[in-house]
Structures are given as structure tokens and as C-alpha cells.
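This report refers to the structure that appears directly beneath it.
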Amino acid sequence: MSKALEGVRILDFTHVQSGPTCTQLLAWFGADVIKVERPGAGDITRGQLVDVKGADSLYFTMLNHNKRSITVDSKNPQGKRVIEELIKSCDVMVENFAPGALDRMGFTWERISSINPRIIVASIKGFGPGPYEDCKVYENVAQCTGGSASTTGFRDGPPLVTGAQIGDSGTGLHLALGIVTALYHRTHSGKGQRVSVAMQDSVLNLCRVKLRDQQRLKAGPLTEYSQYGEGIPFGDATPRAGNDSGGGQPGRILMCKGAPEDPNAYIYFITQAPVWEKICDVIGEPTWKTDPEYATPKARLPKLNQIFERIEQWTMTKTKFEAMDILNKFDIPCGPILSMKELAEDSSLRNTGTIVEVEHPTRGTYLSVGNPIKLSDSPSDVRRSPLLGEHTDEILREVLGFSDHQVAEIHDSGALDPPRKVAAE
Ligand code: CAO
């Protein structure tokens, strides 16, 4: 079985999280991803949040699997020559520099596409064209400007950012789709094109149900929000809804046996209408099945707090896993709150390759996420991230066809290596 993206070569000019997420995904699918890094320094994340002295950080290793690393100073004339050769031999260039940085290196879209008209140039920026287009952006800024923070948290608390990296990894996923779409288009157009994704746009795309609710406000209060049942008037913007379900089926996070001392002894419980009668039986309130005060979803809406309090009295008698087992038998939608520790130890996630153990020469064995997208006929494995510049000479020789003499010449120019320290007299 061959890998889905075998034969596709990526010039990976990405750093930190958003861009590397995208190119890692393409690498998992079999693309030959050549990561260009600054000599001596490399991707800044190599040295961020270091847990093993002298080894690349988990931040870096978990975002750069299956790639090759070449160090090139893109501001050195010989370095520019190497990058031009890479542009000629790659199908895609991916970058997430600050706005204007690639142009300042001399690699405008016009120049890149004149070097290789078939190349696809894919970019992540914080914002699209508009008042903030020149701003540098990190994860939480995107969550705040894309509508996530204003709609996350509790109504009476401040906006909250989420643990899921929707700004960085979420944008990387969007970009990966843009790249394979442009590659597909190239099969009949014969030409490359630019693919641009803004982090603000990606977060907003993921927050679409909150934009839906913004418009629904015009028609009256959002009746599935617990605020409605509490009699609290709505303002003119989508409010924060705590753990209320974002769909038409009310849901909440409820305590289970062990809470609140155990911070993760909770379960998400959805009072889906078709299984209401089963819920009533399970929690010991059979009269609620026919009582007009409880029998219909509409009648229940103003009483959701009281209903969930009653359900919680039941969930508190069970561990989250016991509750899950019982509720699943009745098709009542629910899910235990799983800690990172529990996920790291989950044998089924390891069996499917969603969590993998990786060997690394300087840090030993570590855990990482694997490819969450499974293709039936195209396997995807996880190989360790490259050391800084590990493949520099290999790429110059094998990909660019440089002779030993040419490789030595480029090394001598200082384009591939950190500046030499001059010994003190
Ligand atoms: N050789 C020589 N110079 C190099 C180089 C190389 N191989 N690789 C990068 N550089 C240079 C760039 O050319 C740039 O130089 P100039 O400023 O002189 O043009 C410089 O390194 C810094 O690049 P940068 O501005 O992109 O990096 P930063 O650390 O200052 O900013 C970030 C980081 C992420 C805020 C910014 O890149 C950005 O806004 N990117 C777009 C949005 C994004 O992806 N954000 C998510 C990041 S993950 O949280």
C-alpha cells in the first residue's frame, strides 16, 4: 500500500504551531516535507518549554514528525540560491511568517511563480486583508478575535480561551485542505496558485453556531440557553453559555462520584428528546414521562436547571465510567470528562495510532498524537522529528543534485551554518 501523498514535495518554511501542524499532516500522509530553518537557531519552539536538557522540546517534536530539516540562511545570497533550487523542485511552499517577511526575503508570489509556475504557495497570517492585516498573531489572539473567547465561559465570568488550539492547529488543518484542493486543481489547470488562510477566519469558521445564535437573537431569546430558564434577559450579542450544549438538545457537565475533589469526575449529559423516557426511568423519575410539565422539550426548557440538578443527584452515585456504561445501554448521549492522563493511557487510542510512542535519539521515548485521519488504503506512520539541519547535505545532494564541490562551496559561504565564533586572542 502506498501513502496518499507520496511524490508530493513540500518546501516547509513554517514555524511555531499553525504552519507546522499543516505540514506535519501532509508529511504523515507521505509528502516529502523539507523544513527550512535558520542556521544555528532553527524553529524557535525547539528551545521552548524544554523538559529534557539539550533535547528538542516536546513542543517542537510533536509538531514536526516525518519531516527533513535543512538549515539555510534565506538572507544570504548563496542561501537564496538554495531556496530558489528548492522552489524549482517542490510542489508546494508553505509559510507562516509575519506579514511581509517572505517579500522582504525577496520571495514575492510573482518571483516564486516565475521560478516555478506549478508551485502552490500556502500562507497563514493572523488576519485577512483589513485593518489588522499587518499584525503578528498567536493562538489566543486568534481565539479572542475569531469569536471563540467571547462565547466561551460562564455568563457572569470573563471571556475564556479554550485548551484546544483552534487558532493554530485549527488554521493548520484549514490550510492543509486548501493545499490538497489546489493540488487537485493543478491536475487539470497545470498551474499553481496561492492559498491563504487567516487565523481569525478559521476560528470564526469553527464558531459558526455562535454566529447562528447571533442572528437568532433577533427572533427572541435563545430558549435552549440556561440563561433563558433563569429569567435573565439577553443582550444584543451571543452570550457565553457555560457548558450548555450548542445544539438543539440541552446538555450539561454534571458531577459524578468523586467530584469535586477529583477535578475530572464529571460527565457530559445530553437530554436528547427521543430518549427522554429512558432518562426518566434511569434517574428514577418515571412520572416525568407523562407529566405535562416535563413531557415535552418545550415544557422542559424553562426548568433545565432543576432537571439537570436531579440528573446530577443520580450521576453523583456513579463513577463517570459506570454512568457511561449505564447510559450507553439506553442510547442516552453522554461522555466522561477524560483527563490528559487518562487519554495518554488509553489503550484503544494507542491501538488506532491516535496516540503513539516515538523514539528520539536525544530525548528517548515520548508520547505524541498520531494522524487522526485514517485512510483505508493509505497507511500513515509517525517518524521522529528531525534534528536541526540533520538532512542539509542529503537534500543538497539528493534533491537538488549538487556535487560535493558545490556543497562545500555553499558551506563556505556561511549560508548553511551558524556564524563561526572567533576564538579570543
Ligand atoms: N534565514 C534567515 N532569516 C529567517 C529565516 C531563515 N531561514 N527564517 C526566518 N527568518 C527571518 C524572517 O525573514 C524575519 O525577518 P524580517 O523580520 O527581518 O523580515 C524574521 O526571521 C522573523 O520572522 P517572523 O516575524 O515571522 O517571526 P516572529 O518570531 O517575530 O513572529 C509570529 C512569530 C508567529 C508572531 C509571526 O510569524 C506571525 O504572525 N505569523 C503569522 C501568524 C501565525 O502563523 N501565527 C501562529 C504562530 S503559532 O502560535
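Note that the structure is a prediction, hence the values are computed from the model and not measured. Keep in mind that the numbers below use all heavy atoms, side chains included, and drop hydrogens, waters and symmetry copies. Every number for a ligand or one of its atoms is a count from 1 in the order of the listing.
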I need the atoms of ligand 1 closer than 4.0 Å to a non-hydrogen atom of [X], numbered in the order shown.
X      : result
Asp73  : 1 (N), 2 (C)
Glu37  : 7 (N)
Ile124 : 41 (C), 44 (O)
Asp168 : 46 (C), 47 (C), 48 (S), 49 (O)
Val72  : 1 (N), 6 (C), 7 (N)

Students should be able to answer this: which protein heavy-atom is nearest to [atom], and at what distance?
atom                    : result
atom 5 (C) of ligand 1  : Ser74 OG, 3.7 Å
atom 19 (O) of ligand 1 : Arg104 NE, 2.8 Å
atom 32 (C) of ligand 1 : Tyr138 OH, 4.0 Å
atom 9 (C) of ligand 1  : Phe97 CE2, 3.4 Å
atom 30 (O) of ligand 1 : Lys136 NZ, 2.4 Å
atom 40 (N) of ligand 1 : Asn96 O, 2.9 Å
atom 45 (N) of ligand 1 : Val137 O, 2.7 Å

Counting only nitrogen or oxygen atoms and a 3.5 angstrom limit, does [X] reach ligand 1?
X      : value
Ala98  : yes
Ala101 : no
Lys125 : no
Gln17  : no

Looking only at side chains, do [X] and [Y] share a donor and an acceptor under 3.5 Å apart?
X      : Y     : result
Gln165 : Gln17 : yes
Gln48  : Ser57 : no
Thr61  : Asp56 : no
Glu37  : Ser69 : yes

Contact partition for His15 relative to ligand 1, non-hydrogen atoms under 4.0 Å:
side chain
Nearest heavy atom to atom 12 (C) of ligand 1 wins, so pick from Met105, Gln165, Lys80.
Met105
Restricting to heavy atoms, the pick from Glu139, Arg38, Lys75 nearest atom 16 (P) of ligand 1 would be Lys75
Would you say Ser18 touches ligand 1, if touching means a heavy atom closer than 4.0 Å?
yes
Are the side chain of [X] and the backbone N or O of [Y] linked by a donor-acceptor pair below 3.5 Å?
X      : Y      : answer
Arg155 : Pro239 : no
Asn264 : Leu338 : no
Arg186 : Arg118 : yes

Anything under 30° is parallel, anything over 60° is perpendicular, the rest tilted; go ahead and classify Tyr225 against Phe234.
perpendicular
How are the rings of Phe308 and Phe269 set to each other: parallel, tilted or perpendicular (split at 30° and 60°)?
perpendicular
Please find the pair of heavy atoms, one from Ile166 and one from Ser148, that lie closest to each other, and give the distance.
CD1-OG, 3.5 Å
SB check Asp91 Arg9 (cutoff 4.0 Å)
no
Salt bridge (Lys or Arg N to Asp or Glu O under 4.0 Å) for Arg38 and Asp73? Distances and angles first, verdict last.
CA-CA 6 Å; Arg38 199 201 296 252; Asp73 179 351; over 6 Å; no
